[in-house]
Amino acid sequence: MAVPGSKSLRRSLTSLFISLTFLVLAVSGGLAFFRPFSLQIVGLHALMGFVFIGIVLMHVWNNRPQLKGYFRKRVAWLALAVSVSLTFMFFLQPKPIKAVLGLSENLGPAMDRFEMREDGMVYHYSPSPDYKMELKVKSGPSYDPDNPPQIAIWLENQGAFHIKTLRSPDKIDKKNLRYWAFKRRGWEEARKEAESEEKTDAISTPTPNGSFDPADYILPADSETSTPYQLLIEINQQDDAFGPHLDQPSLVYAVEIDNLRPVTFQLLELVGYPKREDEDGKEAWSLYFVDDGFESAVELIDSALLTIERK
Amino acid sequence: MSDQNRTDRRQFLQRSLLGTTGLGMAIASTSEVLAKSAPGEVEVGVTQEVDVLVVGGGTAGNIAAIQAGRAGVSTLLVERGAQLGGTTTTGGVAYPGLFDAWGKQIIAGIGWELVKECVELDGGSLPNFAKVPQRHWQNQIQVNLFLYAILAEEKCEQAGVAIAFHEFPESIAKTSTGWQVDCFGFGTRRRVLCKQIIDCTGGAEVVGMMGFPRLREDETQPGSMLFQLGEVNDPGRRQLHQLYVHGADSSNSRTVTRANLTGRKSILAKLRKEKKRLMHLQPETGFRESYRIVGETMITVNDYTSGRLFKDAVSNAFYPVDLHTKSGVKPKPLKPGTVPTIPLGALIPKGSRNILVAGRCVSSDRLANSGLRVQASCMGMGQAAGVAASLAAQNGTSPLEVPLTEIHKRLAEHGAIIPSKT
C-alpha cells in the first residue's frame, strides 16, 4: 500500500478540518443568531471561528496556484463586487438588513437598537428574553429632527464609575459629549484605582464602588445582594448659542435603577452640565447644576422615560 | 457617735484642709466629700438661675446654646464630656453635612458660621455647592475637630453662655416658672432653676427622666469607632479610618462603656493583624441611634422623602435615607429637588411644656431618622430650638405657644434659612 506524501496528507487534513469546523460553525452560528444568549454557544462559535480562519489560510496557501488562476478570470470582478457590496450593506445596515437582524434573539439589533424618530429617540436593549429595557427620549420644542442632537447612553455603578456604554454618539469630536467620553476613557484607570482601595467606609457605605461587571447590575444572580446603579444620558445640540455661550454645554440626565425594588417605569432627571476642571494637571470633568444660562438646551427633550420589563 | 456628729467632723476637716492646703489636699478632701454622701442625699454646691438650660453640648447642643445666648437670654450649657462638638469632635466624625441640596445652601446660621470659620482658620476648603456631588456625601465639609471644639467654646463665651463640663442632670422637678434641675459632676452638685430646657443629649435623656414616652428599636444601628493606623492624623484634611461597632447603643453609660470597649478591642485586633502603629484614636464611639421622642408631630419617612413642607417648619434637612445594618448600608437618595423640613412640633415632646429637643432624638420614624440624624440637620434643629426656647423664656410662655412668625423672624435675623417651597 502506498504511503501518501506529506503534501497530500496536509491537503487531506486541511479539507477534513475545514469541513468539520465549518459544520460546528454553521450549527453554533445558527444557534447564536436565533437562540437567547449563551456564553457556551457564542464562545464555541468565536473560538472555532479563529481555528477556522487558520485552516482556511492553510487551504488558501495549498491552493494558491489555482486561486491565482481564478483571479485572472472575469468572474473575479463579479465576486469582488458582490463581496464589497455585501460588506458595505452589512456594515451600514439599511432597513431590510436591520429587519433580518431583528429576527435574532441574541447579539445585534435585537439586543441593542437605536432609532431616531420625528418625535425623539428610542433605544432598546434586551440582553436576555427575561430583560427588556427601553429608553424613550421624547423631543422637546428645540429638537430638530433634521439636525438631531448627539446622545450617549451609559451605565455607572454606585461609585459613579462608568461600567458600560450602551450607545455611543454618531460623532465623537472635541465639541461633543465630552463628559461621557471622559467617563469612558477614565474607566479602566478608575476601576483599577477603586479596586485597589480596601478601605471600608463604615460611615456611609461599606460597598462604595461595587462591582465593575455590568452583568452584576443588569442581570444580577441575586437581586437581594445587588447594588443600585445609574443609567445616564448626555445630550448635546451643537452650536446652539445662548447668552454667554457660543455653544450651550451638553446636559446630563440620570435615573437610579435598583433591582431590590424593581419598577417598570422611571423618568430620568436632569442632573447638570459638564465643566472641565483639571486636577493635578490631569483632565477632569464635573457636573454643575443648571442655572439661568441655559435656554434651548433644556428644551431639547421633553422627557426621558426608562422602561424595564423583567420576567 | 451620732451620724450628725460624724458629718460635722468631716465637714470641719474638709473646710479646714481646703482653707489651709494646696491641690493635693483638695483632692483628698474631695474624696472625703463623696465618701460621706448618703444615698438620696443632695448637697448642692452651686445654685444657678437661668432662662435656658441646654443639656448636651454636642452637634445640636452647642448651636442651641449659642443661639439662646445671642438672643439675649441667660443660658447654661451642661455637657457630660470634656469638650463641645459631640459626634463631630469626641466621635471624630469631623465632616459635617449636608448644608446644601440641589445646588443651593439649605442650612446656614450658627452651625454654618462655626464650620466655615473653622475651615477658614485652618486653611481648609469649602465645597462649591453649584457642583453636582457624584456621591451623596461629597459635600460634607472636612473640619479640624480640635479647632472646632475650641471655636465652639469661644462662641459660647462670646454669646454669654456658661459652660459646665463633666456634669449631667440627676433629677428634674417642675416649678411654677419652669424647672429645677439638679446636676451631678465629680466633686460638685449644681441646682439649676430655669424656664426652658433644650435636651440635646442625643438620646433624649432629659425627656426620659421627665417620664415622657420615647421610642427605641430592639437593635440599634452600628456605631463607628474612628482611629488612624499607620499614617499620621491630618485633621481637617483627611478622614480617619473607621470601623463598625455593632450593637453600639448610647442609651446609658453602661451601653456606651460596652460600645467603647468593643470598638477599641476591634482596633487592637486590627493593629495586631496589620502590624501598624496606632497614630490616633477617638475617645468615644460615634453613635447613630438610641432613643427618639414622641413629639407633637412625628416625621414619617414619607414626609421625609417627599420633602413635605410642614406648616410649622423651622429648619431644613438633607441626606439620603441611610439605615445602617449588620451588612452595611445602601443609602436611598432623595429625588431631585426634594428638601425635607423639620417642624417645631417634632422638637417638642407630646403634651409637654417648657422643654424642647434638638438632634437625632427628633420625633421621627426610624427610616426618616436615618436621614435626619446627620450633623448639618442637627445644627439647624439646634438653632431653631435655641430660638423657640429663648422666645418662650422672654414671653413667659411655652415653645409651642410662641407665634411661628416670631420664630422665623428671629431665625432669619441670626442667619438661618427658613424652609420654603422655592
Side-chain angles (χ1 to χ4, degrees), chain A residues 156-162 179 182-183 186 190 194 197-210 223-230 232 251-261 266-277 279 284-293, chain B residues 87 91-95 97 100-104 127-138 140 221-227 229 238-246 248 263 266 270 274 285-286 288 319-320 322 324-338 374-375:
Chain A
E156 284 185 4
N157 69 5
Q158 271 206 307
F161 291 108
H162 169 283
Y179 184 70
F182 164 72
K183 283 277 187 162
E197 280 177 17
E198 284 178 22
K199 197 175 90 173
T200 302
D201 174 13
I203 297 298
S204 295
T205 160
T207 50
N209 298 311
S223 60
E224 289 294 311
T225 55
S226 74
T227 49
Y229 61 106
Q230 281 207 314
L232 299 98
L251 293 178
V252 175
Y253 295 76
V255 65
E256 187 180 86
I257 304 163
D258 188 353
N259 289 311
L260 206 55
R261 288 180 280 266
Q266 284 177 278
L267 278 172
L268 274 74
E269 300 279 357
L270 176 61
V271 181
Y273 68 94
K275 202 158 120 180
R276 184 174 175 162
E277 33 187 39
E279 289 165 4
W285 289 76
S286 299
L287 290 179
Y288 278 75
F289 288 101
V290 171
D291 51 26
D292 297 338
Chain B
T87 308
V93 187
Y95 25 94
D100 69 303
W102 316 116
K104 285 181 189 164
N128 179 355
F129 292 151
K131 201 164 159 179
V132 180
Q134 292 251 314
R135 312 278 295 277
H136 70 266
W137 41 260
Q138 263 175 3
Q140 287 171 340
Q221 296 174 63
S224 289
M225 181 65 101
L226 279 81
F227 60 99
L229 222 53
R238 205 174 49 200
Q239 287 187 14
L240 293 164
H241 296 143
Q242 51 233 255
L243 53 78
Y244 267 160
V245 181
H246 292 288
S266 305
K270 193 175 170 64
E274 296 186 11
T285 307
R288 288 190 173 80
Y319 207 67
D322 192 61
H324 290 241
T325 63
K326 271 185 182 165
S327 57
V329 60
K330 287 179 188 168
K332 189 166 169 43
L334 297 175
K335 290 210 170 95
T338 304
V374 298
Q375 287 150 314

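Convention: sequence-line order gives letters A, B, ...; per-chain numbering from 1. Atom set for the values below is all heavy atoms of this structure, side chains included, hydrogens, waters and symmetry mates excluded.
- Judged as a side-chain hydrogen bond (donor to acceptor under 3.5 Å, both in side chains), and not counting sequence neighbours, the contacts of A:Y229 are A:Y131.
- In this structure, A:Y288 and B:V132 approach most closely via the heavy-atom pair C-CG2, 3.7 Å.
- Minimum interatomic distance between A:K183 and B:Q134 (heavy atoms only, all atoms of both residues): NZ-OE1, 2.9 Å.
- In this structure, no portion of B:K335 lies under 4.5 Å from any heavy atom of chain A.
- We find the NZ-NZ distance between A:K275 and B:K131 to be 9.0 Å, quoted to the nearest 0.5 Å.
- When heavy atoms are compared at a cutoff of 4.5 Å, B:P333 approaches chain A solely by way of its side chain, counted from C-beta outward.
- With a 4.5 Å cut-off on non-hydrogen atoms, A:E277 touches chain B through its side chain but not through its backbone.
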